[in-house]
Amino acid sequence: MNAPQRAVSAPQRVVVTGIGVLSSIGNGVEEFTSALREGRCGAGPITSFDTTGFLHTSGHEVDGFVPERWIHRLPVEQLGRATQFTVAAARMAVQDAGLDEQRLAGLRAQVTVGTTDGEAGELDRMMAASVAQGPEQPADQLLAGRLPAHQLALAVARELRLPRVVPTVLGTACAAGNYAIGDGFDAVRTGEADIALVGGADAICRRTFAGFSRLGLVSSDVCRPFDADREGLLTAEGAGVLVLETLESARARGARIYAELLGYGLNCDAHHPTAPDQSSVARCMELALADAGVKADEVDLVSAHGTGTPTNDITETRAIREVFGDTPPRTVALKAMLGHSMGAASALGAAASALALAHGFVPPTVNHRTTDPQCQIDCVPNHSVPADLRVVVNNGLAFGGNNASVVLGRHEEEPSR
């Protein structure tokens with residue numbers, strides 16, 4: 001006898017109803033939106049660790065962050081900085097979405113956080129203490145307790161008291177934020193979760209800064225993506241968390257909708273440890289567009305990975321032209337303002353894309369002087385512009401060939417009949 005077939009419901013439409021942000025240009029959705037419009041650059045001297053001996057010493061740090069303002073239940077001193085960022089951004093996002101704890105407690109939730117370094121900064125501190133005190137001295141147990149990367153998602157569930165939650169941390173380097181968004185999107189559109197809190201977080205740390213410095217990829221002053229005189233990136237920190245829910249749920253509770261999440265694409269080419277592959281990047285965007293049911297000529301803006309390194313910018317712009325033709329959409333690089341916040345980068349890009357759709361503007365690529373002839377795009381230099389945006393593609397590209405593209409669309413309520 002055949003077992004009865006389980007009915008499979010049609011995929012649900014998924015929307016963004018809450019945004020939480022910590023960044024070098026502003027904390028919280030209002031300040032972040034204003035900074036994007038103004039083209040604010042958050043670069044400055046690194047203060048989180050001793051930069052003595054490094055040729056270049058600038059980065060993008062989060063300023064004015066008071067964890068106790070957002071973390072109410074967990075002992076703050078037991079959380080590493082990246083975990084603090086994640087929890088704070090998650091609480092910002094649910095408050096922005098108008099979700100109270102009573103409502104959250106009744107929902108099946110997915111919490112997915114992308115990261116590059118986890119709590120590597122805490123490990124840096126623990127190792128420095130070990131070197132200073134000698135190997136015989138036992139490790140600081142408080143520092144050691146902050147190290148597990150799974151806390152980035154688990155701490156969110158504990159702080160918000162989510163009793164029916166699947167917490168996940170993804171470590172796909174600098175594309176991890178988009179990977180996390182795709183994971184939550186699938187959970188909500190298939191009905192596995194009622195709500196998803198998704199995004200990415202990283203804290204600036206000596207290990208990653210030293211690695212990029214050794215590769216010769218750190219700029220001497222600021223990041224200038226697509227510029228003929230660009231020197232490289234500046235490492236950064238921050239967090240971006242989005243609240244995803246079904247369109248039906250958002251309508252039922254009268255929620256404000258920033259944007260609709262239309263689809264995403266992932267691939268990994270393993271072409272090179274650090275260098276991106278043009279055809280693979282193009283294929284990733286094509287996969288995202290296919291998943292979203294969007295044609296290339298319907299895209300109004302690409303939020304590029306745009307690191308400001310010579311290789312990335314040329315390869316990515318060529319991939320964009322491969323997908324969109326000789327007159328591609330406006331293509332901006334937020335890392336000129338935000339720095340490269342690793343696992344948070346594409347999550348912050350997705351947040352900025354949703355805000356651009358909701359408020360009708362294109363954030364600029366700042367610090368720009370002259371576009372590299374090999375980067376044949378309109379990068380919206382230095383000043384934001386008003387724009388009637390319909391569809392935005394947000395890219396995240398990572399070491400090891402991990403690529404992730406997310407497609408967001410403007411939400412417009414259908415007229416009642």
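Side chains are part of it too, since the values below use all heavy atoms of this structure and drop only hydrogens, waters and symmetry mates.
- Within the 4.5 Å cutoff, no side-chain heavy atoms of Arg37 are placed close to those of His383.
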Given the rule in the side-chain hydrogen bond (donor to acceptor under 3.5 Å, both in side chains) test, do Thr317 and Gln376 qualify, once you have shown the distances and angles that lead to the verdict?
CA-CA 7 Å; Thr317 53; Gln376 298 179 41; over 6 Å; no
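- Put simply, the side chain of Val165 does not reach to within 4.5 Å of the side chain of Leu107, judged on heavy atoms.
- Looking only at side-chain heavy atoms (C-beta outward), Leu147 and Met126 come within less than 4.5 Å of each other.
- Atom CG in Leu338 sits 10.0 Å away from atom SG in Cys223 (nearest 0.5 Å).
- Judged purely by distance below 3.5 Å, without hydrogens or angles, the side chains of Ser280 and Asn403 pair a donor atom with an acceptor atom.
- For Arg73, the CZ atom counts as densely surrounded, since its 6.0 Å shell holds more than 12 non-hydrogen atoms of other residues, nucleotides or ligands.
- No more than 12 heavy atoms of other residues, nucleotides or ligands lie within 6.0 Å of CZ in Arg158, so this atom counts as exposed by the packing criterion.
- Within a 6.0 Å sphere centred on CD of Gln102, other residues, nucleotides and ligands contribute 12 heavy atoms or fewer.
- Panel note: side chain Lys335, backbone His305; a donor-acceptor pair is recorded below 3.5 Å.
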What verdict does the side-chain contact (heavy atoms from CB on, under 4.5 Å) test give for Leu142 and Gln78, after you've listed the backbone C-alpha separation in whole Å, the side-chain angles of each residue and the deciding distance to 0.1 Å?
CA-CA 6 Å; Leu142 184 62; Gln78 293 181 12; 4.1 Å; yes
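- Side-chain contact between Val94 and Leu160 is present, with heavy atoms from C-beta onward closer than 4.5 Å.
- Looking only at atom types and distance, the side chain of Asp117 has a donor-acceptor partner in the side chain of Thr208 under 3.5 Å away.
- A donor and an acceptor atom, one from each side chain of Asp227 and Asn367, are nowhere located under 3.5 Å apart.
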side-chain contact (heavy atoms from CB on, under 4.5 Å) between Thr371 and His368, worked out:
CA-CA 7 Å; Thr371 302; His368 198 73; 2.8 Å; yes
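- Here the side chain of Glu68 pairs no donor or acceptor atom with the backbone of Val76 at under 3.5 angstrom.
- At a threshold of 4.5 Å between non-hydrogen side-chain atoms, the residues Leu36 and Ser384 do not count as touching.
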side-chain contact (heavy atoms from CB on, under 4.5 Å) evaluation trace for Arg390 with Val299
CA-CA 7 Å; Arg390 299 164 299 164; Val299 175; over 6 Å; no
From CA spacing to verdict: side-chain hydrogen bond (donor to acceptor under 3.5 Å, both in side chains), Glu322, Gln278
CA-CA 9 Å; Glu322 183 178 328; Gln278 178 183 329; 3.0 Å; yes
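- Side chain to side chain, Thr246 and Glu248 fail the donor-acceptor criterion of an N or O pair below 3.5 Å.
- In the model, Asn402 has no side-chain atom that pairs as donor or acceptor with a side-chain atom of Thr172 under 3.5 Å.
- Side-chain contact annotation: Thr311 with Thr309, donor-acceptor N/O pair under 3.5 Å absent.
- Remark: Glu30 CD is loosely packed, at most 12 non-hydrogen atoms of other residues, nucleotides or ligands lying under 6.0 Å away.
- Counting heavy atoms from C-beta on, the side chains of Val362 and Val332 come closer than 4.5 Å.
- Contact of the Trp70 side chain with the Val87 side chain is not registered, since no non-hydrogen atoms from C-beta on lie closer than 4.5 Å.
- Under 3.5 Å, the side chains of Gln151 and Arg146 contain no donor-acceptor pair of N or O atoms.
- Aromatic ring pairs are classed by plane angle as parallel below 30°, tilted from 30° to 60° and perpendicular above 60°; the pair Phe399 and Phe212 is tilted.
- The CD1 atom of Ile25 sits 8.0 Å away from atom CG of Leu334, with the distance rounded to the nearest 0.5 Å.
- No more than 12 heavy atoms of other residues, nucleotides or ligands sit less than 6.0 Å from atom CZ of Arg69.
- Exactly one residue among Val406, Leu262, Leu289 makes a side chain to side chain contact (heavy atoms under 4.5 Å, CB included) with Val393. That residue is Leu289.
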Decide side-chain hydrogen bond (donor to acceptor under 3.5 Å, both in side chains) for Ser341 and Asp202; before the verdict, give the C-alpha distance in whole Å, the side-chain angles of both, and the deciding distance to 0.1 Å.
CA-CA 6 Å; Ser341 53; Asp202 265 304; over 6 Å; no
Audit row: Tyr179, Tyr264, ring-ring contact (aromatic ring centres under 6.0 Å, His included) steps and yes/no:
CA-CA 9 Å; Tyr179 272 79; Tyr264 73 101; 8.4 Å; no
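- No hydrogens or angles considered: a donor-acceptor pair under 3.5 Å links the side chains of Thr47 and Glu61.
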Where do Ile71 and Leu79 land on the side-chain contact (heavy atoms from CB on, under 4.5 Å) test, with the steps shown first?
CA-CA 10 Å; Ile71 304 172; Leu79 307 178; 4.1 Å; yes
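- Counting heavy atoms from C-beta on, the side chains of Val391 and Leu408 never come closer than 4.5 Å.
- Heavy atoms from other residues, nucleotides or ligands lying under 6.0 Å from CZ of Arg103 number 12 at most.
- In the model, Ser24 has no side-chain atom that pairs as donor or acceptor with a side-chain atom of Glu237 under 3.5 Å.
- Exactly one of Pro329, Ser405, Ser353 qualifies for a side chain to side chain contact (heavy atoms under 4.5 Å, CB included) with Val302. That residue is Pro329.
- Residue-environment remark: CG (Asp221) exceeds the threshold of 12 foreign heavy atoms within 6.0 Å.
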